[in-house]
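Take a look at the structure below.
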Amino acid sequence: MKKIKLVFALGAAALLFNHNMKAQTKTTFNNRTASAAGSIHYRTVKANGLNVFYREAGPKDAPTILLLHGYPTSSHMFRDLIPLLSGKYHVVAPDLPGFGYTETPDRTQFNYTFDNLAKTMQAFVDELGLKRFAIYVFDYGAPTGFRLALANPEKITGIISQNGNAYVEGLSSGGWNLIQRYWEHDTRENRDALRTFFTTEGTRFQYFTGVSDSTLIAPEAYTMDQHFLDRPQSAEIQLDLFKDYKTNVALYPKFQAYFRTYKPKLLAVWGNKDPFFLPPGAEAYKRDNPNAIVKFYDTGHFALETHVQEIGIDILKFMATLPG
């Protein structure tokens with residue numbers, strides 16, 4: 001009888017051990033799967049004849065978010081946001097031509113205009129086979145992304161605009177007066193007056209202005225931007241884009257008509273002390289789109305540098321309201 005009880009106890013222990021091992025294996029597998037889904041992959045694809053660098057993370061069968069950076073940065077600006085989003089979403093963040101690690105052809109071979117940036121991003125979207133996606137637009141990413149929205153309204157599930165302007169009242173006089181002077185009078189003197197934007201001091205101004213705690217600004221962010229700005233031809237490329245920015249302002253009425261017609265769900269997350277794009281530019285979205293939500297954060301132009309956790313949480317809440 002004792003032998004039977006002993007055999008039974010050993011058998012039960014073996015079953016419990018196997019069950020625990022299976023549970024541990026499953027947990028380990030799930031953790032590894034989650035970890036793999038959250039890993040950021042660094043890829044390159046041919047689009048509009050250029051090698052376009054992009055960061056990609058999250059499950060490819062999940063809803064997609066296309067992150068479009070601005071001046072003078074690259075997809076590097078999303079380095080802390082991507083891990084917050086990629087647990088539930090497929091996140092894709094390319095570098096625009098002339099920025100970051102995307103191929104930067106000679107100005108004689110590639111026309112640096114916002115139409116051409118959008119054309120390249122259209123080719124990028126097509127090459128990756130993105131059928132439906134939300135767009136996160138910032139700075140230069142806004143006129144680029146809004147051109148995509150005009151051309152592909154059926155693809156856009158929602159819009160997140162982080163200091164991405166589409167209204168004249170959003171343009172500050174102090175930040176834009178030299179650039180507007182260049183639009184009105186295309187002279188060598190006015191072009192050269194803009195070169196201070198490309199200095200280390202100019203780049204640091206963009207990162208630190210309006211920031212109450214400067215220790216939150218990662219030095220590698222503005223250092224990397226400056227590295228790319230210091231490349232041969234970079235200043236001339238950026239001056240070409242400064243000159244062409246007037247085409248974005250000319251398109252503002254069409255962007256606004258898009259908001260009125262399609263009423264996409266829109267979340268404006270805005271640094272309220274941005275020296276270039278003012279809070280009225282964020283509030284104006286609500287004038288044309290009843291589905292616009294506006295949130296301000298006590299910071300400057302590069303709001304993700306100081307408020308990535310808060311913005312990430314707000315984006316996740318917003319994304320949960322969008323169609324799949």
Side-chain angles (χ1 to χ4, degrees), residues 65-75 77-78 81 92-100 112-122 124-125 133-153 155-172 175-176 179 206 238 241-242 244-260 262 264-272 274-289 291-297 300-304 311 315 318:
I65 310 174
L66 177 66
L67 308 178
L68 296 174
H69 70 83
Y71 171 85
T73 187
S74 65
S75 61
M77 70 170 282
F78 301 118
L81 179 65
V92 180
D95 287 355
L96 297 172
F99 297 84
Y112 286 93
T113 65
F114 284 89
D115 276 347
N116 223 8
L117 295 188
K119 180 180 177 182
T120 304
M121 288 300 99
Q122 180 71 65
F124 173 80
V125 165
F133 52 88
I135 52 174
Y136 179 119
V137 298
F138 165 73
D139 191 86
Y140 280 10
T144 304
F146 293 153
R147 279 171 166 83
L148 285 181
L150 287 177
N152 310 268
K155 292 182 182 292
I156 306 302
T157 59
I159 298 172
I160 302 142
S161 178
Q162 189 252 295
N163 297 71
N165 196 56
Y167 293 87
V168 171
E169 52 263 56
L171 299 175
S172 71
W176 288 90
I179 298 173
Q206 299 216 33
Q238 298 305 329
L241 288 171
F242 277 10
D244 192 65
Y245 199 93
K246 63 183 178 182
T247 67
N248 300 329
V249 179
L251 278 174
Y252 281 178
K254 288 189 176 180
F255 296 158
Q256 294 157 16
Y258 166 83
F259 302 143
R260 289 193 298 271
Y262 293 97
K265 287 193 174 183
L266 187 147
L267 172 66
V269 287
W270 218 268
N272 65 357
D274 188 333
F276 302 102
F277 298 119
L278 303 175
E283 293 284 5
Y285 282 112
K286 294 190 292 188
R287 185 171 68 223
D288 289 312
N289 186 353
N291 293 321
I293 301 168
V294 178
K295 303 205 71 170
F296 291 107
Y297 308 85
H301 189 57
F302 285 100
L304 290 181
I311 292 173
I315 290 174
F318 173 73

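Since we're looking at a predicted model, the values are computed, not measured.
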*Could you go through the side chain to side chain contact (heavy atoms under 4.5 Å, CB included) check for I160 and V269 one step at a time?*
CA-CA 7 Å; I160 302 142; V269 287; 4.0 Å; yes
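- Residues forming a side-chain hydrogen bond (donor to acceptor under 3.5 Å, both in side chains) with Y112 (at least two apart in sequence, or on another chain): none.
- Every residue was checked against the side-chain hydrogen bond (donor to acceptor under 3.5 Å, both in side chains) condition with N291, not counting sequence neighbours, and none meets it.
- Note that OG1 of T120 and CG of L96 are 8.5 Å apart. Values are rounded to the nearest 0.5 Å.
- With sequence neighbours left out, the salt bridge (Lys or Arg N to Asp or Glu O under 4.0 Å) criterion links K254 to no other residue.
- Residue A134 comes nearest to T157 through the heavy atom pair N-OG1, 3.1 Å, listed as atom of the first residue, atom of the second, then distance.
- Scored by the side-chain contact (heavy atoms from CB on, under 4.5 Å) test, P253 finds no partners at all (sequence neighbours excluded).
- Between Q122 atom CD and L117 atom CG the span is 13.5 Å, to the nearest 0.5 Å.
- Of all heavy-atom pairs spanning I135 and G145, the tightest one is CD1-O, 3.7 Å.
- Annotation: ring-ring contact (aromatic ring centres under 6.0 Å, His included) contacts of F78 (sequence neighbours excluded): Y136.
- F99 is linked by a ring-ring contact (aromatic ring centres under 6.0 Å, His included) to H69, counting only residues two or more places apart in sequence or in another chain.
- Contact of the V249 side chain with the V168 side chain is registered, since non-hydrogen atoms from C-beta on lie closer than 4.5 Å.
- For the pair Q256 (side chain) and A166 (backbone), a donor-acceptor distance under 3.5 Å is present.
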*Stepwise side chain to side chain contact (heavy atoms under 4.5 Å, CB included) check, T144 with V137*: CA-CA 8 Å; T144 304; V137 298; over 6 Å; no
_Using the rule given for side chain to side chain contact (heavy atoms under 4.5 Å, CB included), can you reason through L304 versus M77, listing the C-alpha separation, both sets of side-chain angles and the distance that settles it, and then say yes or no?_
CA-CA 7 Å; L304 290 181; M77 70 170 282; 3.9 Å; yes
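- Partners of K246 according to the salt bridge (Lys or Arg N to Asp or Glu O under 4.0 Å) rule, which considers only residues two or more places apart in sequence or in another chain, do not exist here.
- For the pair D115/R147, a side-chain contact is recorded, criterion being any heavy-atom separation below 4.5 Å from C-beta on.
- Ring-plane geometry between F242 and Y71 is classed as perpendicular, the angle between the planes exceeding 60 degrees on a 0 to 90 degree scale with a lower cut at 30.
- For A268, the side-chain contact (heavy atoms from CB on, under 4.5 Å) test picks out L266, W270, A282, Y285, V294, with sequence neighbours left out.
- K119 NZ to L148 CG: the interatomic distance, rounded to the nearest 0.5 Å, is 13.5 Å.
- Judged as a ring-ring contact (aromatic ring centres under 6.0 Å, His included), and not counting sequence neighbours, the contacts of F114 are Y140, Y245.
- Annotation: salt bridge (Lys or Arg N to Asp or Glu O under 4.0 Å) contacts of D244 (sequence neighbours excluded): none.
- From L67, atom CG reaches atom CZ of F138 across 12.5 Å, with rounding to the nearest 0.5 Å.
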_Go through it in stages, so that I can follow the logic: the residues are L66 and F124, the test is side chain to side chain contact (heavy atoms under 4.5 Å, CB included), and I'd like the CA-CA distance, side-chain angles, deciding distance and then a yes or no._
CA-CA 11 Å; L66 177 66; F124 173 80; 4.0 Å; yes
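- A centroid separation of less than 6.0 Å is found between the aromatic rings of F259 and F146.
- Counting all heavy atoms, side chain and backbone alike, L171 lies closest to N165 at CD2-ND2, 3.6 Å.
- Annotation: side chain of I311 is in contact with side chain of Y297 (closest heavy-atom distance under 4.5 Å).
- Y167 and D288 share a donor-acceptor pair across their side chains, judged by distance under 3.5 Å alone.
- Note that CG of L278 is 10.5 Å distant from CG of N272, once rounded to the nearest 0.5 Å.
- Across every non-hydrogen atom of N289 and P264, the tightest pair is ND2-O, 2.6 Å.
- A donor-acceptor contact shorter than 3.5 Å is absent between the side chain of N152 and the backbone of K155.
- Nearest approach of P72 to F302, heavy atoms of both residues: CD-CZ, 3.7 Å.
- Pairs passing the salt bridge (Lys or Arg N to Asp or Glu O under 4.0 Å) check and including a residue from residues 135-145, sequence neighbours excluded, do not occur.
- When all heavy atoms of D95 and S75 are compared, the closest pair comes out as OD1-OG, 2.6 Å.
- The CD atom of Q162 sits 9.0 Å away from the CG atom of L81 when rounded to the nearest 0.5 Å.
- Under the ring-ring contact (aromatic ring centres under 6.0 Å, His included) criterion, F276 pairs with H301, not counting sequence neighbours.
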